[in-house]
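The figures here come from the full heavy-atom set of this structure, side chains too, leaving out hydrogens, waters and symmetry mates. First the proteins, then the strands, lettered A, B, ... as listed; each starts at 1.
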There are 2 protein chains.
Amino acid sequence: MHREERAVLERYLKERGLKMTAARETVLEAFLGLETHVTVDDILEAARALDPGIGQATVFRTMKLFADAGLAREACRDDGGRQYEHAWRHAHHDHLTCVDCGKVVEFVDPAIEKAQEAVYRRYGFTSSGHRLELFGRCPDCSKKRSR
Amino acid sequence: MHREERAVLERYLKERGLKMTAARETVLEAFLGLETHVTVDDILEAARALDPGIGQATVFRTMKLFADAGLAREACRDDGGRQYEHAWRHAHHDHLTCVDCGKVVEFVDPAIEKAQEAVYRRYGFTSSGHRLELFGRCPDCSKKRSR
DNA sequence: TCCTTATTGATAATGATTATCATAATCATG
DNA sequence: CATGATTATGATAATCATTATCAATAAGGA
């Protein structure tokens, strides 16, 4: 299962003299088996379902590693803890979040992406990623409000 | 000093039966006297310069209040603690951050804003703000890298 | 297999934020 | 302008997410 991601991880590890371990395999399987937008505790729970001996610190460490290896993307939430989403073969996308019910729509907008490139050029910056979150009310919650 | 912001705060407080206090005045002055992008500790330090008796918890509470009153905007940083920036009569803007030296450029791009409106319409959402952060390398750091 | 080095899990430590609570300040009202 | 109901404060403890420490273990090249 998840042979491709495993290969990515192994290459990453070998390149810097790190080791492939049982714990790392377990966390990888747990993470990939979950939906995107998960917290470390979600991953810990899933990992312990596969191997009850996994420690919390290991999940923190391992997810950081995955982020660096390009397997996960991390984002801070205003409230609780960090969240992770799948990054391997998951195209970049932005988020549209409902401030009332919390629903999240993932989207990609070429016009936005293009305009961002123009901003980088304007200030002479080299691009290395961005984070865009649109907040608003989804159709349902908008309706409820205006009633 | 800062009569307008003070009036905003007073109206906000009165509307919900809250009280204007010396501590809130002090924190307001301290916050407005600082540059934007400040942490709670920055504000605490500035507030204690005006009144050494101010408690840390009060600053946390008060800044939350200010954010709700539209005087401050808060944003989470991936690393350390929350940061606040001025919100009253400070036009909305986005951030372009250098991942090497930490330099921050504030910008507004009409094309991006327009494209975002289109996204809201596409999904039937009502807009209530957004957060955009572009990451990259500033001209200086780009040069250093390519050497 | 052996040996060096990285990794693990448990636990303590940290740092940011929030809750608690007794005391003090605010302000609408009489 | 004194009163009283209520909110706010500051000190402290509590919580939550995350990181550091460390002795014991596992990986993997020689």
Length of the [atom1]-[atom2] vector between [X] and [N], whole Å:
X	N	atom1	atom2	value
A:Phe66	C:dT7	CZ	P	12 Å
B:Lys64	C:dA19	NZ	C1'	12 Å
A:Met20	C:dT7	CE	P	11 Å
A:Glu10	D:dA27	CD	C1'	13 Å
B:Gln83	C:dT17	CD	P	10 Å
A:Arg24	D:dA26	CZ	C1'	11 Å
B:Leu13	C:dA25	CG	C1'	14 Å
A:Leu44	C:dT8	CG	P	14 Å

*Selected nucleotide, minimal atom distance to B:Lys14 side chain, candidates C:dG9, C:dT18, C:dA28*: C:dA28
With a cut-off of less than 4.0 Å, is there a side-chain N or O of [X] near OP1 or OP2 of [N]?
X	N	result
B:Thr21	D:dT9	yes
B:Arg61	C:dT18	no
B:Thr58	D:dG10	yes
A:Arg82	D:dC16	no
B:Lys19	D:dT9	no

*Can you tell which of B:Arg48, B:Gln56, B:Met63 makes a side-chain contact (heavy atoms from CB on, under 4.5 Å) with B:Ile43?*
B:Met63
_Looking at B:Tyr84, I'd like to know if the NZ or CZ of B:Arg82 sits under 6.0 Å from its six-membered ring centre while staying within 45 degrees of the ring's axis._
no
*asked:* Please determine whether a side-chain nitrogen of the Lys or Arg among B:Glu133 and A:Arg131 lies less than 4.0 Å from a carboxylate oxygen of the Asp or Glu.
replied: no
*Evaluate the ring planes of B:His93 and B:His95, with Trp represented by its six-membered ring, and classify them as parallel (under 30°), tilted (30 to 60°) or perpendicular (over 60°).*
tilted
_Ring-plane angle category for B:Phe31 and B:His86, please: parallel below 30°, perpendicular beyond 60°, tilted otherwise._
perpendicular
*If you find the nucleotide of DNA chain C closest to B:Asp41 and the one closest to B:Leu18, which residue's nucleotide is nearer the 5' end?*
B:Asp41
*Between A:Val40 and B:Val59, which is nearer to the 5' end of DNA chain D once each is assigned its nearest nucleotide?*
B:Val59
*Which residue, B:Arg48 or B:Gly17, contacts DNA chain D at a nucleotide closer to its 5' end, judged by nearest heavy atom?*
B:Gly17
